[in-house]
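See below for the structure under consideration.
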Amino acid sequence: MNQEQPVISVTRVSRAFGSKTVLKDISLQVNRAETFGLLGPSGSGKTTLVKLLTGIDEVSSGEVQVMGVRMPKLTMLQQIGYMAQSDALYTELSAKENLEFFAALYGLRGGNRTRRIGDVMELVNLQEHLRKRVDQYSGGMKRRLSLAIALLHEPPLLILDEPTVGIDPLLRQSIWKELRSLNNQGTTIVLTTHVMDEAEKCDRLGMIRDGKLLAADTPAGLMQATGSATIEEAFVTYGGGRK
Amino acid sequence: MRIRAITLRILRQFIHDKRTMALMFIAPLLVLSLMSLVFNSNAYKPNIGVSGAAAVFSPALEAQDAAVTSFTTTEQGEAALRDSSIDAFVTVEGNAPSVILEGSNPAATRAAMQVLREAVLQLQPAASVTGLIQPSVSYMYGAEDMTTIDRFGPIMIGVFVFFFVFLIAGVSFLRERTTGTLERLLSTPLKRWEIVLGYVGGFGIFTVVQALLISWFSVHMLGIMMAGSFGYVLLITLLLAITALTLGTLLSAFAGNELQMIQFIPLVIVPQIFLSGLFPLDTLPLWLQRTGLATPIYYGAQALMDIMIRGKGWSSIALDAYVLVGFSLLFMVLNVLALRKHRRM
Ligand SMILES: Nc1ncnc2c1ncn2[C@@H]1O[C@H](COP(=O)(O)OP(=O)(O)OP(=O)(O)O)[C@@H](O)[C@H]1O
Ligand SMILES: [Mg+2]
């Protein structure tokens, strides 16, 4: 694939539920091997945008392209690893059974499957709890298992909806390190957050409020443009400037 | 491969959920056993009061296992009737015997009338001497000792399979939607029809085991009549289960939670039971009889009765089987379409 071509390109996208417009005229691009953060308050439309990127949902107007293919497109789903905001796990099954199930859906089999399951569980530090039933997991453990499932089939594009909610700082740090090393291997990551210090770690940041993209730039660029010392200040300035 | 993954996952969920397993396997056996006890219990023995000249009937009544109580006055007998300690009271006024029945329990009334008719016949041997020819009786289907449970059994097997599969499949699909796993499934390259077939696979395998157990238990433990082939019984129950499964998952789209799924029982299951042939349909208004023709359990019950009571083969049940296949295919297609609501591709 052409290095210059963005992995995700969103062009003038709106999404309405009935008469309520949740996303308004959003355009943005995500480049290969970067971590792009979507920052915004609760209800601003982050999850809605993310679902458009994964192809589960469809735009009302505008266009979403992933790797040059117009979404939604079934074959593109193999290229995407998605972690939903709510843990979509089968709680009556063990972690291993959950992983095996999703691995099979992505076409992993045999030794490769076993190896990948071991790898991702080690990555989220759950290897000792592989055989435990998910209903005996804590909230943070479930979150980590969801992340592990998203990483399972080594997708070139990772879309993570609030991946680190409920995960302790130490583990959060090690997960960020892993995401970074995935970046280095060429994986593109889009994630949503409303934690400011996490937002600072992203290569580039999109600020969303009330369904509008206020700005998209590097954290440093955003702070510079608004003359603020922190991302939080920059966010407030952008939000206030809109009024 | 992906279909197999869903099938395997559903089976694993069943294995982990011991209570649901018990419900699907043990509950039908329990209810069937209970039904068989109720319907198979020995014939009711009426308690008959006599007074005065009616005492001549006593030997004939006692010969039929009825309990006979003698009263010296008519008033005593009527008092006994009033407090329900006897089922019928016989007196003789003039030449003709007169009977008062307690009458509040149809089964007791029928039993009392039966023994009284027999007793009267025995006391009038003249009638048989004049050459009343005893008809010779034989049975086309069933047998002389066929009981109510033999008739209900095949229908109830169909009803149970349908009921449990409908409810459990509907609830598991509903949960899949409300817990977000459905959305997660739809974010994988899984096709919509693969989800539907995966469900059919998982529940299909499970139902074969369930149907085997219920049929085996009914025939060998409860001694319900089984004139035909076991294989056909399994085939029909499997088809009925797939219809129930696909209808359950389809209707779960219209339920917001488990309780709302249960609300479908009086709407979808109970009317079907009434129209299934459990009760004679001939007396119903025509439009209601026709409605029965649109319900899956009706066809399942007809076929199961043909196999188990009448011992018929494929040619008789083929139409029922095809109709069930048709229902299943229709519901499957509707399921695939209903999933479009969640993902268009
Ligand atoms: N299916 C839907 N039908 C109607 N409105 C919806 C639907 N999904 C989302 N919305 C609305 O869209 C808006 C944005 O929701 P969204 O879930 O995208 O927010 P979010 O930024 O992810 O919030 P949070 O940080 O709390 O997860 C909300 O006002 C929500 O009520
Ligand atoms: Mg959200």
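In what follows, every chain begins at residue 1, and chains take the letters A, B, ... in the order their sequences are listed. We use all heavy atoms of the structure for the numbers below, so side chains are in, but hydrogens, waters and symmetry mates are not.
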Residues of residues 148-160 of chain A contacting chain B, heavy-atom criterion under 4.5 Å, by residue number: A/I149, A/A150
Please list, in residue-number order, every residue in residues 112-138 of chain A that has a heavy atom less than 4.5 Å from any heavy atom of chain B; write 'none' if there are none. A/R113, A/R133
State the [atom1]-[atom2] distance between [X] and [Y], to the nearest 0.5 angstrom.
X: B/S172; Y: A/E92; atom1: OG; atom2: CD; answer: 9.0 Å
X: A/D57; Y: B/L186; atom1: CG; atom2: CG; answer: 11.5 Å
X: A/Q78; Y: B/L190; atom1: CD; atom2: CG; answer: 11.5 Å
X: B/Q13; Y: A/L93; atom1: CD; atom2: CG; answer: 5.0 Å

Check each atom of [X] against the heavy atoms of chain B and say whether the ones under 4.5 Å are side chain, backbone, both or neither.
X: A/E97; answer: both
X: A/N98; answer: neither
X: A/K73; answer: backbone

Chain A contact via B/E176 - side chain, backbone, both or neither, heavy atoms under 4.5 Å: side chain
Portion of B/L8 that has a non-hydrogen atom of chain A nearer than 4.5 angstrom: neither
Is there any residue in residues 260-273 of chain B with a non-hydrogen atom under 4.5 Å from a non-hydrogen atom of chain A, and which ones are they? none
Select all residues of residues 324-345 of chain B having any heavy atom within less than 4.5 Å of some heavy atom of chain A, and report them by number, or 'none'. B/H342, B/R343, B/R344, B/M345
Count the heavy atoms belonging to other residues, nucleotides or ligands that lie under 6.0 Å from [atom1] of [X], then report whether that count exceeds 12.
X: B/F160; atom1: CZ; value: yes
X: B/F25; atom1: CZ; value: yes
X: B/R4; atom1: CZ; value: no

Can you name the closest pair of heavy atoms from B/S187 and A/Y106 and give their distance? O-OH, 3.7 Å
Smallest heavy-atom separation, A/A104 atom then B/A5 atom, equals CB-CB, 3.5 Å
Min side-chain heavy-atom separation [X]-[Y] under 4.5 Å:
X: A/L77; Y: B/T188; result: no
X: B/R12; Y: A/E100; result: yes
X: A/L89; Y: B/T181; result: no
X: B/R184; Y: A/Y90; result: no

With a 4.5 Å cut-off on heavy-atom pairs, point out which of A/L105, A/T54, A/D87 contacts chain B the most. A/L105
So which of B/R2, B/K191, B/E194, B/H16 has the largest heavy-atom pair count under 4.5 angstrom toward chain A? B/H16
Given the rule in the side chain to side chain contact (heavy atoms under 4.5 Å, CB included) test, do B/L185 and A/F101 qualify, once you have shown the distances and angles that lead to the verdict? CA-CA 10 Å; B/L185 286 186; A/F101 173 59; 3.5 Å; yes
